[in-house]
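Taking it in order: structure first as structure tokens, then the write-up.
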There are 4 protein chains.
Amino acid sequence: MSSTPPLLPRKSPRQRRSQLTVASLLEAAAQLLETQGLEGFNTNAVAERAGVGIGSLYQYFPSKDALTLALLEREAARFEADALAALEVPDGPAALRHLIRASVRQQLERAELARLLDEQEGRPELRAHLDKGRFGQLINTLLQRPGLPPQADAALAAADVAALIRGLVDGAGERRETDLAHLQCRVEAAVFGYLERAAAAARGLQGRECESGMRAGAAPA
Amino acid sequence: MSSTPPLLPRKSPRQRRSQLTVASLLEAAAQLLETQGLEGFNTNAVAERAGVGIGSLYQYFPSKDALTLALLEREAARFEADALAALEVPDGPAALRHLIRASVRQQLERAELARLLDEQEGRPELRAHLDKGRFGQLINTLLQRPGLPPQADAALAAADVAALIRGLVDGAGERRETDLAHLQCRVEAAVFGYLERAAAAARGLQGRECESGMRAGAAPA
Amino acid sequence: MSSTPPLLPRKSPRQRRSQLTVASLLEAAAQLLETQGLEGFNTNAVAERAGVGIGSLYQYFPSKDALTLALLEREAARFEADALAALEVPDGPAALRHLIRASVRQQLERAELARLLDEQEGRPELRAHLDKGRFGQLINTLLQRPGLPPQADAALAAADVAALIRGLVDGAGERRETDLAHLQCRVEAAVFGYLERAAAAARGLQGRECESGMRAGAAPA
Amino acid sequence: MSSTPPLLPRKSPRQRRSQLTVASLLEAAAQLLETQGLEGFNTNAVAERAGVGIGSLYQYFPSKDALTLALLEREAARFEADALAALEVPDGPAALRHLIRASVRQQLERAELARLLDEQEGRPELRAHLDKGRFGQLINTLLQRPGLPPQADAALAAADVAALIRGLVDGAGERRETDLAHLQCRVEAAVFGYLERAAAAARGLQGRECESGMRAGAAPA
DNA sequence: CATGAATGAGGTTTCATTCAT
DNA sequence: GATGAATGAAACCTCATTCAT
């Protein structure tokens, strides 16, 4: 019947006690991923660290992937709670900076966890069940705001901005950077730099070879 | 687990046949990674696809990680052969564009392989044995070239540029983009945009809040 | 990819040693089924009794069901080696008696094993992969031989005869009967009795209510 | 495993609601067995389908086997309610036909359920607690009725008749036959044929080789 | 050197059963 | 009584690695 193993939560915890169990499991999973890496991320260890029996894990998550997925969603929710506030900001650049700040915070707070979860997102079994675009869509919306250079293909630009933020912040995480403000600066440089030049390229040079290197005059005086 | 398993090649293949075997194994590993993902990447499968016995694999690679490492190095070498030519180019922007072109090519040619290998690079067991900085160092060198805005911390800027390239190109790979020229354009936008603004920030605003959003007048007329 | 677990043998053993391993595994499976019932029939126990590692079992049988299937086929082959000789006998009744003898022998020799395997045959996962009809086809062929009453629907009659033999012999096995000759007698009574009366019914009473009870004159003088 | 788990009903339900719960559980068990096979027959699923908590199941049945046993008994009772009417019929053949009709009906009505329960009857844990002979005893009684050929060992003959009916009807069930009348016919042919020939063999050929094949003259003209 | 049979620690998952609420 | 969360022994299976041939 069920060829692909199930990923939807097996049962939603109604009682107080079980909600606690589920939360413990997710946090245990997060901690293991952080401290032991993928290596130590196995269901027995998760259950043990959560202080519950392995059976309890499978009461709530029908498979290991379902657990991973739930963790991914927990982190996504955590992020969105922070990031959606950007929608309140009418000014484009300000809103974008807000979003970048949320990204940087999220990724640096639990850097290794974030990095490993990003990897898991790439696994084909999980990708199907993921609202992959949400981050991109949010950016897409913000790109329409006044004060930002208009993009030819806004969706693509949004995806690029998302990828670029992620790349920079992951890299910083790997180097164990902790200076949020400094990192924020550099990410902004990349994002706004990209947007400006991409817009310029689209405007000026339809069809011609892309030419966005350092030109005389483009470099600041 | 017991002690740390050996990662250095067990023996360097001197004879012709051995070299061929090693090459088959590496290519088999690459193909499996590409087509089956991490899931299907196991030593028995690699040996089988390479058309040799599993015993032979362990003749040349003392452990699975050693094999992964060798593959990582093969790809790095492949890339450098392409990228080092950038050093011949005296002009900064042109050299950088050359390097970006190599990156884009490498990552899109075998996108899934590149992505999975990037992940492997992150594994602690392998990181220790990796010349992690080589890409960054190359960029670092190029950043000194004339025509590029001077960076406060060149090493950091180089790392950022590397991360940013990787992020953009991985994202494109996941979306199965194939238009190399277009992607190249966007990456250039991000890289040169970043460099310019980062330099400006460093120049103008020591210690003050970073302020690199869209300013009136910064947006092209 | 592979939703239903694989049932085809994973690799055919080429070397002498592995053929021995496979044989040990099958015999171990048979013995466990006989002595411990389904309860004790698990892959670890099978491997242990066979004196090999659990890994070896899975070298040759990709799943527990594949092992069961192989055992089923081993027993079927064993039986056919005995039963096919019936085809040499031209006389219908004699050939049928030969076949019955083979059935009785097979089922009583390892009664519990035979019973449990019959049950396994019913499992949907295995039924698909089984030449279910072979026994029936053999009977079908024999039913055409001279000396036997002609049946309206030979295939159905063959299936009935097969079912009837199996029922009687399983029952005897459960009661731990050991007198082969006596059992043989009773099975023959049922088989030949069925054939005769079924033929008579088909001949005489098309469409009318079936009427095959004890009639005056039908009972022997 | 520890000791032998209890099989007797934990408490006889005196109150109305309890009886209803028990009935739900039994019917749920039956349906699961029918639709999902042994695979899907587990206590949690039974309780869920019955619409009660798993705890309640264990209020009434101290173990899974106790539940199975109760279901077995429910079906036996169902059958006997139908079959015992045969005792009212004085004529031997008619009574036997009545019994066969009941068997055929029972087995074809819920064929898969009947088959799986027959298998469970074979499990050593349950056999001990089963009035195995009741069906045989009933037949045994009927075999004494006038109009049926006298059997040397009536108990054995009864067991054979029972086995033979079950074999034929199970076979028909597996083939998903639905024509009750036709099946009835064939079963009668086997039963009466067996009884007649078994009697003849006992009468004529004490000690000699059993000889019940098709003889000249026995075959219909 | 090459082979591939053998290994077994360790991972995922199920399900009968208990017991606090 | 009824509930359902929790349990954990035990089942199935994988795969990195070894070693006799």
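The basis for the numbers below is simple: all heavy atoms, side chains too, and nothing from hydrogens, waters or symmetry mates.
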Inset, instruction - Return the value, rounded to whole Å, for the distance between atom CG of B/L25 and atom C1' of E/dA2. - result: 12 Å

Legend entry - Angle between terminal axes - the helix from E/dA2-F/dT21 to E/dT21-F/dA2, 5 pairs each end, rounded to 10°: 0°

Inset, instruction - Would you please name every residue forming a side-chain hydrogen bond (donor to acceptor under 3.5 Å, both in side chains) with A/R78, sequence neighbours left out? - result: A/E75

Inset, instruction - Please list, chain by chain and in numerical order, all residues satisfying side chain to side chain contact (heavy atoms under 4.5 Å, CB included) with D/A70, sequence neighbours excluded. - result: D/L26, D/F61

Legend entry - Separation of atom CZ in C/F41 from atom P in F/dA10, rounded to whole Å: 19 Å

All N/O contacts under 3.5 Å from nucleotides 7-9 of chain F to the protein, with atom names and distances to one decimal?
from  : atom 1 : to    : atom 2 : distance (Å)
F/dT7 : OP2    : A/G53 : N      : 2.7
F/dT7 : OP2    : A/S56 : OG     : 2.9
F/dG8 : N7     : A/G55 : N      : 3.3

Inset, instruction - Identify, with sequence neighbours excluded, every residue that meets side chain to side chain contact (heavy atoms under 4.5 Å, CB included) alongside C/A23. - result: none

Legend entry - Gap separating the CG atom of A/L116 from the CG atom of A/L38, nearest 0.5 angstrom: 5.5 Å

Legend entry - Sequence neighbours excluded, every pair satisfying salt bridge (Lys or Arg N to Asp or Glu O under 4.0 Å) that has a member inside residues 31-41 of chain B: B/E34-B/R110

Legend entry - Atom pair distance, as rounded to whole Å: CG in C/L20 and P in E/dA5: 14 Å

Inset, instruction - Would you please name every residue forming a side-chain hydrogen bond (donor to acceptor under 3.5 Å, both in side chains) with D/R127, sequence neighbours left out? - result: none

Inset, instruction - Select base, sugar-phosphate, or nothing to describe what D/N44 touches, counting heavy atoms under 4.0 Å on all strands. - result: base

Legend entry - side-chain N/O B/T43 vs F/dC15 OP1/OP2, d < 4.0 Å: no

Inset, instruction - Report yes if a side-chain nitrogen or oxygen of A/T21 is closer than 4.0 Å to either non-bridging phosphate oxygen (OP1 or OP2) of F/dA6; otherwise report no. - result: yes

Inset, instruction - Take B/L71 and B/L33 through the side chain to side chain contact (heavy atoms under 4.5 Å, CB included) test and state the conclusion after the steps. - result: CA-CA 11 Å; B/L71 184 55; B/L33 226 28; 4.0 Å; yes

Inset, instruction - Could you check how far CZ of C/F61 sits from P of E/dA6, rounded to whole Å? - result: 12 Å

Legend entry - Rounded distance in Å - CG (D/L38) to P (E/dA16): 11 Å

Inset, instruction - Give me the residues of residues 29-37 of chain A where at least one heavy atom lies under 4.0 Å from an atom of DNA chain E, by number, or none. - result: none

Legend entry - Residues which pass side chain to side chain contact (heavy atoms under 4.5 Å, CB included) with C/T43, listed by chain and number, not counting sequence neighbours: C/I54, C/L57, C/Y58, C/K64

Legend entry - d(CG, A/N42; P, E/dA9) in whole Å: 16 Å

Legend entry - Candidate nucleotides E/dA16, F/dC13, E/dC1, ranked by approach to the side chain of D/K64 - the nearest: E/dA16

Legend entry - Listed partners of D/R115 passing side-chain hydrogen bond (donor to acceptor under 3.5 Å, both in side chains), at least two apart: D/E112, D/E119

Legend entry - Same-atom distance (P) from F/dT21 to E/dC1, integer angstrom: 22 Å

Legend entry - d(CG, B/D65; P, F/dC15) in whole Å: 15 Å

Legend entry - Counterpart residues, side-chain hydrogen bond (donor to acceptor under 3.5 Å, both in side chains), relative to D/R49 (two or more places apart): D/Q31

Legend entry - Donor-acceptor pair between B/Y60 and B/S18 side chains, under 3.5 angstrom: yes

Inset, instruction - Report yes if at least one side-chain N or O of D/Y58 is closer than 4.0 Å to OP1 or OP2 of F/dG4; otherwise report no. - result: no

Legend entry - side chain to side chain contact (heavy atoms under 4.5 Å, CB included) partners of B/D118, counting only residues at least two apart: B/Q107, B/E121, B/R166, B/D170

Inset, instruction - Starting from C1' on F/dA10, measure out to CD on C/E48 and report it in whole angstrom. - result: 14 Å

